[in-house]
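Step one of this worksheet: look at the structure below.
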Amino acid sequence: MNKKIIYYLPILLLLSGTVCYAQKIKSEDISYFVNRLPAASLDRSVKNYQVTVEAAYEARNQEALKAYEKEKRDALQKYNAEMAAYPALVKTAEDNYAKELAEYNKKSLGKKILEKSLDGGQKPVKQLPVHPYLAMVDRPALQSSYDYSALANTYINLEGYQNDPQHALKIAVVLYGFDHTAPRTMDEQSSTVSLGGSNNGVGKSTYYHTEFSYRHPMTVKVATPDGKEIMNVTPPELNSYKIYKSAATDRATRINSELLIKTSEEKVLQENLKFINNMLNDQFGYSKVKRMATLYYIKNGDEAYADLTTAFNEASSGLLMMQQDPTGGKTHLDKACSLWKTALDQADISNKKARINKDIAIAVSFDLLESYYASGNATAGQSVLDKLNTYSLSSSERKTKYDYDVLFAELKTRSTN
């Protein structure tokens, strides 16, 4: 018995001096909102904005309406003048008829017959003048008018600012109108295959759809409170023609072109104003951007990774708080980052059995990157990225790192503006 104890003692001593960490890296997705900084360089003392929407075509609409009203007045004036002269014309016609009839009645029957045979002479016919009529004037086709103040307040909202004219960014959106071709019905052939019965084989079917081209160009101008213009652009996305194409049917249907164009115009107007609102917020706003983050933690039965568990919980709370309570959220993130940085200082990436081995070090690095991005710390984030450049990464890890490279490059640009 004693010999057996002595024999196994070195092995027991060896095992007691070895610490094994059974690590299992897990991840959890967390949806949160981050306040993105403006892309454009701007005086941060400006806290207000004022927006106007105007239509460049309203002047043309007014000119067309003036011409239309004048044409109607001219037509009415002509009609009234002709109506005033009409009774005299009728009397003249009746007098001429009575005179001609009296002369005709004086002729003998033989003379009447002779004149008719020689030159087709006929009994006089009363020729009354054409009754005057009021000419119809077609109303011109006008671009749609809107409540432009309502459009501005509904669709343009510069996040992080107050809609107030005092010391405000001046935003002007100019509409150029809905430009479109006439809707038309198009047909196209499609091969069909029938199996069984007398119609077995390949055939052709005709399908119909409605199609037209359209665009609704708009220009955006932005000026500082002192009047300096800092943006004047007509987005090419709004200036290029697009094609509307309805769903295909197996029979041609009558198109209500007026309703189709009106419905499409309303939809495109709203879409384009939303596009402009997004563009303005990207350049000048402190936009609330939704982000799906992945945080990593260690699933382990003992307390060996209590620090990383605490860091994960602190970061989860911090990310969720960032939108409603940025200060409180950042406090939680700072606690998590402190724990993660300490853990990274202990990393031994060449030892798979180390508490903080290479796999855990990479996971912790990604956790740090997410937290630094959420709190807007571009410098600290770049330091972590530089460290990751010294690691041998898998293809999926390289893809994740690349995504963070892009995020922090943009964050750095926006932070220095």
Side-chain angles (χ1 to χ4, degrees), residues 21-39 278-279 281-282 287-300 305 307-309 311-320 322-323 329-330 332-334 336-417:
Y21 296 102
Q23 313 103 340
K24 188 173 182 181
I25 301 174
K26 303 288 287 184
S27 66
E28 184 172 317
D29 292 334
I30 298 176
S31 176
Y32 73 99
F33 289 91
V34 60
N35 287 323
R36 186 178 61 190
L37 296 172
N278 290 336
M279 183 179 69
N281 275 290
D282 178 68
S287 303
K288 182 177 71 173
V289 179
K290 186 176 182 179
R291 176 167 171 77
M292 182 63 73
T294 299
L295 290 184
Y296 299 90
Y297 63 96
I298 309 303
K299 186 176 182 180
N300 190 284
Y305 295 97
D307 55 339
L308 300 188
T309 300
F312 172 84
N313 292 332
E314 289 286 350
S316 299
S317 299
L319 292 178
L320 295 175
M322 285 302 292
Q323 185 59 37
K330 189 174 183 304
H332 283 286
L333 290 177
D334 288 344
C337 290
S338 178
L339 291 168
W340 282 325
K341 286 171 63 179
T342 299
L344 279 183
D345 290 339
Q346 304 166 4
D348 184 355
I349 63 174
S350 62
N351 182 4
K352 292 183 179 181
K353 295 183 178 181
R355 189 180 86 92
I356 308 298
N357 61 19
K358 176 185 170 184
D359 291 338
I360 294 179
I362 292 173
V364 168
S365 296
F366 289 151
D367 285 341
L368 274 171
L369 286 171
E370 191 63 45
S371 297
Y372 286 144
Y373 175 73
S375 57
N377 193 338
T379 302
Q382 188 59 54
S383 178
V384 176
L385 289 169
D386 292 341
K387 182 64 176 178
L388 280 173
N389 286 334
T390 67
Y391 291 179
S392 176
L393 304 176
S394 67
S395 58
S396 62
E397 290 166 346
R398 285 197 301 272
K399 174 63 171 60
T400 302
K401 177 186 174 296
Y402 173 79
D403 291 340
Y404 279 114
D405 282 327
V406 174
L407 281 176
F408 277 93
E410 181 187 25
L411 178 60
K412 186 177 180 180
T413 299
R414 291 177 181 272
S415 298
T416 56
N417 284 337

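For residues 371-383, the pairs satisfying side-chain hydrogen bond (donor to acceptor under 3.5 Å, both in side chains) are Gln382-Asp386, with sequence neighbours left out.
Contacts of Ser394 classified as side-chain contact (heavy atoms from CB on, under 4.5 Å), with partners at least two apart in sequence or in another chain: Ser396, Glu397. With sequence neighbours left out, Glu410 forms a salt bridge (charged side-chain N to carboxylate O under 4.0 Å, His left out) with Arg414. Applying the salt bridge (charged side-chain N to carboxylate O under 4.0 Å, His left out) rule to Arg291 yields the partners Glu370; only residues at least two apart in sequence or on another chain are considered. Take Asp334 and apply the salt bridge (charged side-chain N to carboxylate O under 4.0 Å, His left out) test, not counting sequence neighbours, and it matches Lys330. The side-chain hydrogen bond (donor to acceptor under 3.5 Å, both in side chains) test applied to Asp345 returns no partner, not counting sequence neighbours.
Judged purely by atom type and a 3.5 angstrom limit, Tyr296 has no side-chain atom pairing as donor or acceptor with the backbone of Ser365. Side-chain N or O atoms of Lys358 include none that pairs as donor or acceptor with a backbone N or O of Tyr391 at under 3.5 Å.
Of all heavy-atom pairs between Tyr32 and Ala293, the closest is CE2-CB, 3.5 Å. In this structure, Leu339 and Ala311 approach most closely via the heavy-atom pair CD1-N, 3.7 Å. Considering all non-hydrogen atoms of both residues, Ala374 and Met322 come closest at O-CE, 3.3 Å. The two residues Lys290 and Ser31 come nearest to each other via the heavy atoms CE-OG, 3.0 Å. Between Ala361 and Ile349, the shortest heavy-atom distance links the atoms CB-CG2, 4.3 Å. Of all heavy-atom pairs between Ala315 and Leu295, the closest is CB-CD1, 3.9 Å.
How far OG1 of Thr309 is from CD1 of Ile298: 8.0 Å, rounded to the nearest 0.5 Å. From Thr342, atom OG1 reaches atom CG of Asp307 across 8.0 Å, with rounding to the nearest 0.5 Å. Between atom OG1 of residue Thr413 and atom CZ of residue Phe408 there is a gap of 13.0 Å, rounded to the nearest 0.5 Å. Note that the OH atom of Tyr297 and the CG atom of Asp367 stand 11.5 Å from one another [nearest 0.5 Å]. Going from atom NZ of Lys24 over to atom OH of Tyr305 covers 14.0 Å, rounded to the nearest 0.5 Å.
With a 4.5 Å cut-off on side-chain heavy atoms, Leu368 and Lys341 count as touching. At least one side-chain heavy atom of Leu308 sits less than 4.5 Å from a side-chain heavy atom of Ile360. Looking at Asp403 and Lys399, their side chains come closer than 4.5 Å, going by heavy atoms from C-beta outward. Side chains of Leu407 and Leu369 form no contact here, defined as non-hydrogen atoms less than 4.5 Å apart. Between Asp348 and Ile356 the shortest side-chain heavy-atom distance does not fall below 4.5 Å. Residues Lys288 and Asn35 are in side-chain contact: their nearest non-hydrogen atoms beyond the backbone lie under 4.5 Å apart. No side-chain heavy atom of Ile362 sits under 4.5 Å from any side-chain heavy atom of Thr400.
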Worksheet item: Going through the distances and angles, do Leu344 and Lys387 end up as a side chain to side chain contact (heavy atoms under 4.5 Å, CB included)?
Response: CA-CA 11 Å; Leu344 279 183; Lys387 182 64 176 178; over 6 Å; no
Practice prompt. Would you sort out whether Leu319 and Leu333 count as a side chain to side chain contact (heavy atoms under 4.5 Å, CB included), showing the intermediate values?
Written response: CA-CA 7 Å; Leu319 292 178; Leu333 290 177; 4.0 Å; yes
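Note on Asp282 versus Arg36: salt bridge recorded, some NZ/NE/NH1/NH2 to OD/OE distance being below 4.0 Å.
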